[in-house]
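Predicted, not measured: the structure shown is a model, and the values here were computed from it.
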Amino acid sequence: MRKGFTLAETLITLGIIGVVAAITIPSLITKYQKKTIETKFKEDFSIIQQVIRSNTANDIELDMSIKDGNSAFLKTFFDTYFAPYMKYSNVCYHKEGCWQNRGINKTLTGNSVIYDNKGKGIGLNVITVKLYNGSNLCIDGWTGSLKAYYGVNSSEAAVIFFIDANGDSGPNVIGKDIYILVYTPDLGIVPAGYHESLETINKNCSKNAKGNNAGYFCLMRIKNHGWQILDEVWNLKV
């Protein structure tokens with residue numbers, strides 16, 4: 001007599017497999033998403049650094065007088081210093097099409113980012129760029145206090161880079177998939193939070209983050225953490 005599984009045994013086995021899959025698959029997906037974003041922002045950071053180096057190698061100084069909220073300045077800045085050295089599929093001059101259009105851009109507290117322009121980017125009269133690797137880049141001029149919002153000690157005007165590492169996909173939260181770099185003529189390109197204490201950086205990029213710039217220093221904390229997003233931040237429900 002041939003032995004085999006009964007229908008009940010088969011159904012029980014399939015049920016167990018289904019339960020295990022329901023538990024493990026979401027975890028595997030979120031780990032994959034986290035790893036993908038980590039890889040992307042490292043690549044994006046390198047892309048922007050290489051643009052700066054390429055200008056320097058060609059004896060070009062990024063010494064243009066930086067203006068806040070001036071679309072003509074940003075267009076000239078991008079066309080002069082970035083377009084020749086950066087591979088991108090599309091560029092948008094303060095219009096929709098190169099930045100996510102799923103809703104507001106958030107801080108780690110769940111609030112809307114200062115100067116959020118939703119589908120146009122973050123800032124006033126910004127330039128947004130779609131990179132070939134799938135990331136979105138937003139470029140904004142800044143002449144206010146760098147220390148207050150971006151944790152950088154410089155009296156110079158700045159260009160702020162918001163990097164959305166997973167492009168048009170969510171969650172669109174600074175510190176989770178959006179990261180910030182600051183350029184000033186005296187410092188070059190540095191992560192936001194560059195001049196803050198380790199304690200301030202860690203608090204700004206944590207579940208205890210507060211204020212209008214909650215999460216702004218996350219790139220600095222991630223860099224200090226071996227280029228890995230901390231689980232306490234990644235698992236935040238924002």
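- Although no hydrogens or angles enter the test, the distance criterion places a donor-acceptor pair under 3.5 Å between the side chain of K176 and the main chain of L236.
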Inset, instruction - List the steps and the verdict of side-chain contact (heavy atoms from CB on, under 4.5 Å) for F41 and L219. - result: CA-CA 9 Å; F41 66 64; L219 183 57; 4.1 Å; yes
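- No side-chain donor-acceptor contact under 3.5 Å links K207 to the backbone of E232.
- Heavy atoms only, all atoms of each residue included: H94 and G123 are closest at CE1-O, 4.4 Å.
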Inset, instruction - Show your working on side-chain contact (heavy atoms from CB on, under 4.5 Å) between T107 and V173 and close with a plain yes or no. - result: CA-CA 6 Å; T107 67; V173 176; over 6 Å; no
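- Between the side chain of R221 and the backbone N or O of I201, no donor-acceptor pair lies under 3.5 Å.
- Taking hydrophobic clusters as Ile, Leu, Val, Met, Phe, Trp and Tyr residues chained together by side-chain heavy-atom distances below 4.5 Å, W142 shares a cluster with I178.
- By the neighbour-count criterion of 12 heavy atoms within 6.0 Å, atom NZ of K147 is densely surrounded, having more than that number from other residues, nucleotides or ligands.
- A distance below 6.0 Å separates the ring centres of Y81 and F77.
- The backbone N or O of I229 sits less than 3.5 Å from a side-chain atom of E38, completing a donor-acceptor pair.
- Using a 4.5 Å cut-off between side-chain heavy atoms of Ile, Leu, Val, Met, Phe, Trp and Tyr, with links allowed through other members, Y194 and L146 fall into the same hydrophobic cluster.
- Taking OH from Y149 and OH from Y216, the interatomic distance works out to 8.0 Å, rounded to the nearest 0.5 Å.
- H195 has its side chain within reach of L187: a pair of non-hydrogen atoms, C-beta onward, lies under 4.5 Å apart.
- The two residues I122 and D140 have their closest heavy-atom pair at O-CB, 3.8 Å.
- In terms of heavy atoms, V129 sits closest to F78 at CG2-CE1, 3.7 Å.
- With hydrogens and angles left out, the side-chain atoms of N133 and D44 include a donor and acceptor closer than 3.5 Å.
- When atom types are taken as modelled, the side chain of D116 and the backbone of I104 share no donor-acceptor pair closer than 3.5 angstrom.
- A donor-acceptor pair is defined here as one N or O able to donate and one able to accept, closer than 3.5 Å; no such pair exists between the side chain of S135 and the backbone of L131.
- A donor-acceptor contact shorter than 3.5 Å is absent between the side chain of S46 and the backbone of K42.
- Classification of the F82-F161 ring pair by plane angle, with boundaries at 30° and 60°, yields tilted.
- Between the side chains of T200 and S197, at least one donor-acceptor pair of N or O atoms lies under 3.5 Å.
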Inset, instruction - Apply the test salt bridge (charged side-chain N to carboxylate O under 4.0 Å, His left out) to residues D168 and K130: give CA-CA distance (whole Å), side-chain angles for both, the deciding distance (0.1 Å), then the verdict. - result: CA-CA 10 Å; D168 295 337; K130 280 193 171 297; 3.1 Å; yes
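- Nearest heavy atoms, L137 versus M86: CD2-CE, 3.9 Å.
- K87 forms no cation-pi arrangement with Y132, by the criterion of a distance under 6.0 Å to the ring centre and an angle within 45° of the ring axis.
- Between the side chains of W99 and N105, at least one donor-acceptor pair of N or O atoms lies under 3.5 Å.
- Considering CD of Q50 and CD1 of I189, their distance stands at 13.0 Å, rounded to 0.5 Å.
- The nearest pair of heavy atoms linking I163 to F45 is CD1-N, 4.5 Å.
- For the residue pair N204 and C218, the shortest heavy atom distance occurs at OD1-N, 4.3 Å.
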